Participant: 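After the structure tokens below, expect a handful of questions from me.
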There are 2 protein chains.
Amino acid sequence: MTADDLTLFKKRLAEHGYQVTKAREATFKLLVSAEPQTIREILVKAQGVVDRVSVYRNVGVFEKIGLIHRVHIGWKYKLELSDEFVGHHHHLSCLKCGRVIDIEDEKHIDDFIKEVSAKFGFEPRRHQFEVDGYCKDCRS
Amino acid sequence: MTADDLTLFKKRLAEHGYQVTKAREATFKLLVSAEPQTIREILVKAQGVVDRVSVYRNVGVFEKIGLIHRVHIGWKYKLELSDEFVGHHHHLSCLKCGRVIDIEDEKHIDDFIKEVSAKFGFEPRRHQFEVDGYCKDCRS
DNA sequence: TTCAATTTGCAATTATGTTGCAAATTGGAG
DNA sequence: CTCCAATTTGCAACATAATTGCAAATTGAA
Ligand SMILES: [Mn+2]
Ligand SMILES: [Mn+2]
Ligand SMILES: [Zn+2]
Ligand SMILES: [Zn+2]
């Protein structure tokens, strides 16, 4: 993670009236250290450093102020930095090794959403696209 | 649900070496009665008829043999009949009233998957696309 | 009808996430 | 820097969702 990321992190907390604490900084760094990851993975890494309840609570805070968001990966959700940090994207997820590949969309998805929203009078807010399969190394 | 659906249900069970039981038939009928729905909703309807453990176990069986599948709806998953029954589709999901609208894709998604899979040497197996927002009635 | 194999239901257990509260930490005022 | 009200933390208890072991019931094939 860059120094800028950490600065932005602290700025966002302050903007929303949250304090910058040891536990929050540690939790955020764990979040960034591998991405995306399950809250379970974060809890394991946090053992002895930050209490599980505080991890849950602060992950909740981070979500609420838009620092991170959830993505669906194989019937669990994982946590990743928000678009502000890493740019909007979707995922290819390997059913064998668990590898997650970031993919960028170049229009297909947005066009589809626009089309289908118009058709049903729907006002889209968020979307998520996920492809499960086998990665280059696992498809042998 | 049609008589054909029930016939296909029994056929698939038999093909995979599973018995056709009261509990399984009852659970499948509950599944079909409203669609998609959470396992929680099914458990409530099953009270006094099928034990919760059997519901869990049989929903697991149904998934395994491809009679049903999960779809992501607002950070929960819901269960719905597989494509074989209802045709492949995706969902618009209302953040306010919870309404779920089935949408069909006309190429966008498949093209995108083809494109991006080629790029990463990925072999796609399953995919899921979900749009959250506000339905016609709720956007006022 | 008979019976081995499968399935069911109940109790106990495990996994996951939440709440109440006293003690510690934080950040701003003085 | 010092002080202190407000926020945050960690622990224990609680709540909810899902899984497992096992004896009893059901199923389907002979
Ligand atoms: Mn990503
Ligand atoms: Mn549907
Ligand atoms: Zn792989
Ligand atoms: Zn609605």
Side-chain angles (χ1 to χ4, degrees), chain A residues 6-31 36-65 67-80 98, chain B residues 6-31 36-65 67-79:
Chain A
L6 197 60
T7 303
L8 183 55
F9 161 74
K10 292 176 178 173
K11 187 175 163 220
R12 288 277 174 277
L13 281 177
E15 280 170 0
H16 290 84
Y18 289 102
Q19 297 184 356
V20 176
T21 67
K22 290 281 180 192
R24 282 184 183 143
E25 205 167 315
T27 302
F28 185 72
K29 283 177 179 167
L30 289 179
L31 265 163
Q37 65 187 315
T38 61
I39 197 159
R40 169 142 295 270
E41 293 170 311
I42 294 166
L43 287 171
V44 170
K45 293 177 187 168
Q47 280 188 12
V49 183
V50 185
D51 185 83
R52 37 185 266 100
V53 177
S54 295
V55 172
Y56 275 114
R57 283 195 279 228
N58 285 328
V59 161
V61 169
F62 299 166
E63 276 191 85
K64 184 152 80 168
I65 67 180
L67 281 168
I68 62 173
H69 62 182
R70 302 178 183 202
V71 289
H72 287 300
I73 305 279
W75 303 116
K76 297 284 174 194
Y77 67 84
K78 296 193 176 189
L79 299 164
E80 76 173 9
Chain B
L6 196 60
T7 303
L8 183 54
F9 162 74
K10 292 178 179 175
K11 186 175 164 219
R12 288 277 174 276
L13 282 177
E15 280 171 359
H16 290 83
Y18 289 102
Q19 296 183 357
V20 177
T21 67
K22 289 281 180 193
R24 282 185 182 141
E25 206 169 315
T27 303
F28 185 71
K29 283 177 179 167
L30 289 179
L31 264 162
Q37 66 187 315
T38 62
I39 197 158
R40 167 141 292 274
E41 293 169 311
I42 295 166
L43 287 170
V44 169
K45 293 176 187 168
Q47 279 188 13
V49 182
V50 184
D51 185 81
R52 33 184 280 100
V53 177
S54 294
V55 172
Y56 275 116
R57 283 195 279 227
N58 285 327
V59 161
V61 168
F62 298 165
E63 276 190 84
K64 185 153 81 168
I65 66 180
L67 280 168
I68 62 172
H69 62 184
R70 301 176 183 204
V71 290
H72 287 301
I73 305 280
W75 303 117
K76 298 282 175 196
Y77 67 84
K78 296 194 178 188
L79 299 164

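In what follows, every chain begins at residue 1, and chains take the letters A, B, ... in the order their sequences are listed. This is a predicted model, so every value here is computed, not measured.
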Participant: Would you call the rings of B:F62 and B:F9 parallel, tilted or perpendicular, where under 30° means parallel and over 60° means perpendicular?
Facilitator: perpendicular

Participant: Rounded to the nearest Å, what distance is computed from the OH atom of residue A:Y18 to the C1' atom of nucleotide C:dT25?
Facilitator: 17 Å

Participant: Between B:K45 and B:E41, does a salt bridge (Lys or Arg N to Asp or Glu O under 4.0 Å) hold up when you go through it step by step?
Facilitator: CA-CA 6 Å; B:K45 293 176 187 168; B:E41 293 169 311; over 6 Å; no

Participant: Counting only side-chain heavy atoms from C-beta out, which of D:dT27, D:dT8, C:dT8 sits nearest to B:K22?
Facilitator: D:dT27

Participant: Within the side chain of B:R24, is there an N or O that forms a donor-acceptor pair under 3.5 Å with the backbone of B:Q19?
Facilitator: yes

Participant: Measure the distance from CD on B:Q47 to C1' on D:dA17 and round it to the nearest whole Å.
Facilitator: 14 Å

Participant: Can you tell me the distance, in whole Å, between the CZ atom of A:R57 and the C1' atom of C:dG17?
Facilitator: 12 Å

Participant: With a 4.0 Å cut-off on heavy atoms, is B:R52 in touch with a base, just the backbone sugar-phosphate, or nothing at all?
Facilitator: base

Participant: In whole Å, what is the span from the CG atom of B:N58 to the C1' atom of D:dA18?
Facilitator: 15 Å

Participant: Consider the side chain of A:T21, meaning its heavy atoms from C-beta on, and name the nucleotide among D:dT8, C:dG9, D:dT27 that approaches it most closely.
Facilitator: D:dT8

Participant: Rounded to whole Å, how long is the line connecting atom CZ of A:R40 with atom C1' of C:dT14?
Facilitator: 11 Å

Participant: Find the distance B:L43:CG to C:dG9:C1' and express it as a whole number of Å.
Facilitator: 14 Å

Participant: From CG of B:D51 over to C1' of D:dT26, roughly how many Å is that when rounded to an integer?
Facilitator: 15 Å

Participant: Check the distance between C:dT6's P and B:Q19's CD and give it to me in whole angstrom.
Facilitator: 8 Å

Participant: Taking for each residue the nucleotide of DNA chain D bearing the nearest heavy atom, is the 5' side occupied by A:V53 or by B:V20?
Facilitator: A:V53

Participant: Tell me whether B:E63 contacts the main-chain N or O of B:G60 through its side chain, where contact means a donor paired with an acceptor under 3.5 Å.
Facilitator: no

